[in-house]
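I have placed the structure first, in the form of C-alpha cells, so that the comments after it can refer back to it.
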Amino acid sequence: MTLLKVDNVTKRFAGLTAVDSCSFSVERGAVHALIGPNGAGKTTMFNMIGGALAVSDGAINFDGQDLAGTLPHDRMKMGIARTFQLISLFKEMNVIENVMAGAYCRTHSGILASMLNLPSARREAEATKARALELLDFVGLGDSVGAGLMLAGSLSYGEQRILEIARALAGDPKLILLDEPAAGMNPTEKIRLSDTIRQIANKGVTVLIVEHDMQLVMGVADKITVLDHGVRIAEGLPKDIQNDPEVIRAYIGEGAEQC
C-alpha cells in the first residue's frame, strides 16, 4: 500500500529547474532510497516533502492527503519526520532532552500547566522521558551516553547523527526522511546505522533515505529511485539499479563511494 506519492513534481528557482516532472511512490513499511550525483535534486525533493519548500508544479500525497498548503509542523503532526545533512541538535542540552524535544508535536499540556507543574503536565513529562529512554536504547545509545545525561555536543559525530534519528522517532512518525545519515560515520557506525534503519522499518515506520554510500544503500533499501539533474532516470530493486546502464553512466560509474 502506498504511503507517499510524488506525482509529476517540479521545483523551479528563478531560471533553474532543480526537480523536473518527477514521480515516484513509497510503499508503507518499506525502506526506499533516493540516490543520484551531487546536484541531482535529492535534498530539494526532501525539502518539498517535509514542507520547507513549496512545489512549483505537481502534487505530493501523504497517507491519502494532499500536502499542498501544509506547513512543516503540520506535516510533523501528520506523521512526517526528518533528519538533515547538517546536524541540528541542541548541543547544550543533554541527550535525553534532545529526544524529548522531538515529541513536542504529540504532547498536550499547555504552557500554563507546565509552569504550574500540574499533575497532568508532570505525568506527560514523565511518559515523554520514559519514551525517550526507550528510543535511546532502540538506536543503541542508551548505555554509551550514561542514560542520556551527557550533553549532545559531547557525543561523537556519528553518535550525534544517530541521536537525530532517535529525536525524529520521538514524534511517532509514519514516515522518516533520512538525509545523508551516514555522512562522517566510520565503518562500525555505518553497520549500526544499517541495523537501525532495518529495525525502524520492521516496527512499521516507512523510511525514505538520501545517501551517497552505495554499500549501505544496497544493503538496506527495498527499492531505489535514481535522480539526475532533477529527472528520474531509473527505479527498481537494488540489483536492477546496480546493473542499469543509465545509472552507471550518471552515478555509479563516477565512483559510488565518493559521490
* Quick one: closest heavy-atom pair of Glu164 and Phe84, and the distance? => OE1-O, 4.0 Å

* Asked: Quick one: CG on Leu34 to CD1 on Ile224, what's the gap to the nearest 0.5 Å?
  -> 10.5 Å

* Counterpart residues, salt bridge (charged side-chain N to carboxylate O under 4.0 Å, His left out), relative to Arg161 (two or more places apart) -> none

* N/O donor-acceptor pair under 3.5 Å between Arg12 side chain and Ala18 backbone -> no

* Asked: Any idea which heavy atoms bring Ser21 and Asn8 closest together, and the distance?
  -> CB-OD1, 3.3 Å

* Side chains of Leu216 and Ile209 in contact at under 4.5 Å (non-hydrogen atoms) -> yes

* Check each of Thr70, Val55, Asp66 against Ile60 using the side chain to side chain contact (heavy atoms under 4.5 Å, CB included) test, and report the only one that passes. => Val55

* Asked: Among the clusters formed by ILVMFWY side chains lying less than 4.5 Å apart, do Leu53 and Val231 turn up in the same one?
  -> no

* Structure fact -> Tightest non-hydrogen contact, residues Ala221 and Ala33, listed as CB-CB, 3.9 Å

* To do: Check the pair Thr44, Phe13 against side chain to side chain contact (heavy atoms under 4.5 Å, CB included), reporting the backbone distance first and the verdict last.
  => CA-CA 11 Å; Thr44 298; Phe13 297 98; 4.1 Å; yes

* Asked: What pair of heavy atoms forms the shortest contact from Phe46 to Leu208, and how long is it?
  -> CZ-O, 3.2 Å

* Say whether, by atom type as modelled, one donor and one acceptor occur between the side chain of Glu189 and the main chain of Asn186 under 3.5 angstrom. => yes

* What's the spacing between Leu4 CG and Phe24 CZ if we round to 0.5 Å? -> 6.0 Å

* Who pairs with Asp179 by salt bridge (charged side-chain N to carboxylate O under 4.0 Å, His left out), at least two apart in sequence or on another chain? -> Arg82

* Kindly determine whether His212 and Asn38 satisfy side chain to side chain contact (heavy atoms under 4.5 Å, CB included), including the steps that lead there. => CA-CA 9 Å; His212 286 299; Asn38 290 328; 3.3 Å; yes

* Would you say Arg232's side chain and Leu227's backbone share a donor-acceptor pair under 3.5 angstrom? -> no

* Measure the CE-OG distance between Met185 and Ser194 for me, rounded to the nearest 0.5 Å. => 9.0 Å

* To do: Please tell me if the side chains of Val226 and Glu246 come closer than 4.5 Å, counting only heavy atoms from C-beta onward.
  => no

* State whether the side chain of Ser154 and the backbone N or O of Met150 hold a donor-acceptor pair below 3.5 Å, judged by distance alone. => no

* Check whether any side-chain heavy atom of Asp222 lies under 4.5 Å from a side-chain heavy atom of His32, and answer yes or no. => no

* Asked: Where do Asn98 and Ala152 come nearest, in terms of heavy atoms and distance?
  -> ND2-CB, 3.4 Å

* Taking NZ, NE, NH1 and NH2 as the nitrogens, is one of them in Asp240 or Lys223 under 4.0 Å from a carboxylate oxygen of the other? -> no

* Can you name the nearest heavy-atom pair linking Ala183 to Tyr157, along with the distance? -> O-CE2, 3.1 Å

* Distance (rounded to the nearest 0.5 Å) between Leu155 CG and Ile162 CD1 -> 11.0 Å

* Got a donor-acceptor contact below 3.5 angstrom from the Asp74 side chain to the Leu71 backbone? -> yes

* Asked: Roughly how far apart are Gln215 CD and Lys190 NZ, rounded to 0.5 Å?
  -> 8.0 Å

* Hey, is Glu134 close enough to Arg131 for a salt bridge, meaning N to O under 4.0 Å? -> yes

* Hey, does Lys239 have a side-chain heavy atom less than 4.5 Å from the side chain of Met218? -> no

* To do: Could you check if a side-chain atom of Arg192 sits within less than 4.5 angstrom of a side-chain atom of Thr196, using non-hydrogen atoms only?
  => yes

* Can you check side chain to side chain contact (heavy atoms under 4.5 Å, CB included) on Arg75 and Leu67, steps first, answer last? -> CA-CA 8 Å; Arg75 300 187 191 197; Leu67 293 181; 3.7 Å; yes

* Distance from Ile35 atom CD1 to Glu211 atom CD, nearest 0.5 Å? -> 10.5 Å

* To do: Run the numbers on Glu27 and Thr206 for side chain to side chain donor-acceptor pair (under 3.5 Å), then give the verdict.
  => CA-CA 8 Å; Glu27 298 304 304; Thr206 305; over 6 Å; no

* Asked: What do the steps show when you test Leu141 against Glu159 for side chain to side chain contact (heavy atoms under 4.5 Å, CB included), and what is the final call?
  -> CA-CA 8 Å; Leu141 288 179; Glu159 286 175 330; 3.9 Å; yes

* Is the shortest distance from a Lys or Arg side-chain nitrogen in Lys11 or Asp20 to a carboxylate oxygen in the other one below 4.0 Å? -> no

* Asked: Is there a donor-acceptor pair closer than 3.5 Å between any side-chain N or O of Lys42 and the backbone N or O of Gly36?
  -> yes

* **Heavy-atom side-chain contact between Asn61 and Asp7 under 4.5 Å** => no

* Looking only at atom types and distance, does a side-chain atom of Thr10 sit under 3.5 Å from a main-chain N or O of Asp57, one as donor and one as acceptor? -> no

* Close side-chain approach of Leu89 to Leu163, heavy-atom, < 4.5 Å -> yes

* Hey, does the side chain of Arg198 reach the backbone of Val220 with a donor-acceptor pair shorter than 3.5 angstrom? -> yes

* Side chain to side chain, Ile200 and Ile165, heavy atoms closer than 4.5 Å -> yes

